[in-house]
Amino acid sequence: MSAAPIPALVTSDAARPLPRAALLLLCAAYVLPGVFGRDPWKNADLTAFGQMLAMAEGRTSWLAPALGGVPTDAAHLPHWIGAAFIALTSPWLDPALAVRVPFALLLTATMVALWYGSFALARTEAAQPLPFAFGGEAHAVDYARAIADASILALIATLGLLQLGHETTPELAQLAAVATVQWAMAVAAFHPRRARAGIVFALPALACSGAPSVAAVLGIAGTTICLRSTYGEVRRLGGWVAAATVLAAVSAWLLDQWAWRVTPPNSARAVLHVARQWLWFLWPAWLLALWALWQWRHHLMRRHLSIPLAVLGTGLVACLVMGGSDRALLLGLPGVAVLAAFALPTLRRSTGSAIDWFSVFFFSLLALAVWLIYIAMQAGVPAKVAANVAKLAPGFKPQFAWLSLIAASFATLAWLWVVRWRTARHRAAIWRSLVLPAGGVVLAWNLAMTLWLPPLNYARSYRAHVELLRRHIPSDVPCIAAPALPRALTAALEYHGRWRVDTRPDADTEACPIWVKAGTLANPPLPPSGWTTVALERRPTDKDEITGVFRR
């Protein structure tokens with residue numbers, strides 16, 4: 001055991017758990033909005049969905065996936081999951097809804113793995129708070145539950161998860177796998193068999209989800225941490241981690257998942273851009289994580305810090321190596337959430353109060369702005385706000401929906417109740433400083449997915465654009481030739497238009513009476529030789545994107 005004193009001093013009153021019903025409702029309010037009532041959004045969300053739909057409908061091989069006839073580097077496992085759900089629920093569910101169900105479950109699995117992993121790490125001897133001379137300190141299990149609750153709040157409050165966590169992209173499967181790796185490493189001392197099963201499943205799953213290099217790095221780091229542990233069961237897990245790493249590498253090789261996307265920043269401006277990205281993407285968890293690393297700096301080799309630090313470090317390095325990829329940074333969230341939770345027992349009350357006041361001020365103003373714009377869309381007042389909305393979404397016609405209004409009103413009232421509940425009670429609980437940031441993010445997401453969902457869906461979906469193209473493309477054409485067409489637009493034409501699109505460079509233009517090309521305002525699509533222009537349609541919510549339709 002380290003000679004340095006443990007910085008955590010926690011009373012039994014401060015270690016009270018967050019009420020179960022409140023935590024479950026908060027998680028549900030975060031996961032479910034965005035699952036219903038919307039189309040796949042540009043770009044990655046729509047591209048991944050189009051690939052899954054093509055697999056489910058038998059238009060491409062599951063082992064060698066292609067979109068528009070062009071082979072893709074799609075991560076196999078997440079696309080298999082989405083395609084399987086589409087096939088199993090057809091024709092009862094719309095494919096766009098069916099594919100979001102398993103990915104909502106993956107986000108839920110991430111939260112479950114994070115909670116139980118944090119709980120196990122907080123129960124280790126090195127993570128326990130110092131005992132008091134005359135008693136009254138937190139019980140070990142109560143303290144662990146409070147830390148686990150705080151880690152979930154930290155994850156929900158993190159801004160970077162908000163959009164990416166609600167897409168149907170392979171990165172969500174990668175996130176669930178990383179959280180499972182962290183959980184398996186954490187519970188090794190208490191449940192060795194579960195830890196072995198978890199690590200043997202999670203690392204290959206991570207590799208087959210499009211992140212074999214991340215799986216290899218986590219496997220090497222995990223093996224090192226296990227071999228240095230003072231727990232015998234944890235040391236024995238080291239061999240299993242090493243074997244799972246080898247299995248992950250072989251699985252990725254068999255599925256041809258090894259693809260190097262190394263584009264590190266090549267200038268000071270690029271490095272600054274990545275740094276700014278880290279600041280907002282990991283907010284506010286990075287602030288608490290830094291405080292935790294400082295307060296626990298003499299204990300960094302202990303598993304409750306080394307495991308989440310390895311996860312966070314892997315995500316940061318992957319993001320940097322890939323030129324600032326936010327999807328790579330997403331994989332560091334389970335680690336930063338645990339570190340943020342361990343900062344709370346050492347946080348000063350004044351700092352916690354500052355976080356509370358900032359959260360109340362910022363999210364209340366944000367909610368007020370959302371309601372103001374909603375009223376302007378529905379009533380035309382204030383006129384200037386309504387004009388700005390019409391300018392941003394030309395052609396959009398607002399429609400009133402009672403269900404959305406009731407849901408948004410309930411979310412707003414719930415926010416007011418949470419503010420009053422938090423400020424009036426539970427002032428000593430160690431998770432108190434993350435209740436309002438997490439609640440504010442949930443409020444913002446719920447308002448966006450109710451009051452703003454119609455205009456957001458209109459702006460982010462390709463449905464309106466495809467409807468414009470439908471005027472010029474007969475529904476019964478055998479195929480559309482579209483060499484080098486962007487994947488998102490290809491998926492949109494196949495899903496919304498139900499046309500067969502051939503995007504191969506040597507597309508069979510003899511069999512396809514229609515040719516579609518993408519361009520920009522500065523570089524509009526020109527008719528190929530022997531073809532004539534039918535129409536040039538601009539995407540309603542994009543000033544620069546133009547699609548050309550040509551016929552022979």
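Excluded from the calculations below are hydrogen atoms, water molecules and symmetry mates; all remaining heavy atoms, backbone and side chain alike, are included.
The aromatic ring centres of Phe119 and Trp115 sit less than 6.0 Å apart. In this structure, Phe400 has its ring center under 6.0 Å from that of Trp402. Taking the six-membered ring for Trp and the full ring otherwise, the centers of His166 and Trp445 sit less than 6.0 Å from each other.
Under the 30°/60° scheme for interplanar angles, the aromatic rings of His465 and Tyr462 are found to be tilted. Note on ring orientation: taking the six-membered ring where Trp is involved, the planes of Trp80 and His76 are perpendicular (angle over 60°, cut-offs 30° and 60°). Using the six-membered ring where Trp is involved, Tyr458 and Phe396 have ring planes that are tilted, between 30° and 60° apart.
Here the side chains of Trp417 and Thr412 are not in contact, with every heavy-atom distance at 4.5 Å or above.
With Thr89 contributing its side chain and Trp92 its backbone, the two residues share no donor-acceptor pair below 3.5 Å. Between the side chain of Asn446 and the backbone N or O of Ala29, at least one donor-acceptor pair lies under 3.5 Å. Remark: side-chain polar atoms of Gln277 are paired, donor with acceptor, to backbone N or O of Gly324 under 3.5 angstrom. In this structure a side-chain-to-backbone donor-acceptor pair under 3.5 Å is present from Thr503 to Gly68.
Across all non-hydrogen atoms, the minimal contact from Met55 to Ser61 is CG-O, 4.4 Å. Of all heavy-atom pairs between Ile546 and Pro525, the closest is CG2-CD, 3.9 Å. Residues Ala341 and Ser151 approach most closely at CB-N, 3.7 Å, considering heavy atoms. Nearest heavy-atom pair, Leu320 versus Trp278, reported as atom, atom and distance to 0.1 Å: CB-CZ2, 4.4 Å.
In Arg498, the CZ atom is crowded: over 12 heavy atoms of neighbouring residues, nucleotides or ligands sit closer than 6.0 Å. No more than 12 heavy atoms of other residues, nucleotides or ligands sit less than 6.0 Å from atom CZ of Arg145. Under a cut-off of 6.0 angstrom, the local environment of CH2 in Trp357 is sparse, with at most 12 non-hydrogen atoms contributed by other residues, nucleotides or ligands.
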Criterion salt bridge (Lys or Arg N to Asp or Glu O under 4.0 Å) on Asp73 and Arg487, from CA distance to verdict: CA-CA 12 Å; Asp73 56 352; Arg487 290 180 180 177; 3.6 Å; yes
Full working for salt bridge (Lys or Arg N to Asp or Glu O under 4.0 Å) between Arg59 and Glu494: CA-CA 11 Å; Arg59 291 184 279 111; Glu494 292 186 338; 2.9 Å; yes
Working for side chain to side chain contact (heavy atoms under 4.5 Å, CB included), residues Val501 and Val516: CA-CA 9 Å; Val501 184; Val516 172; over 6 Å; no
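The cationic group of Arg38 lies under 6.0 Å from the six-membered ring centre of Trp41 and within 45° of the ring axis, placing it in a cation-pi geometry.
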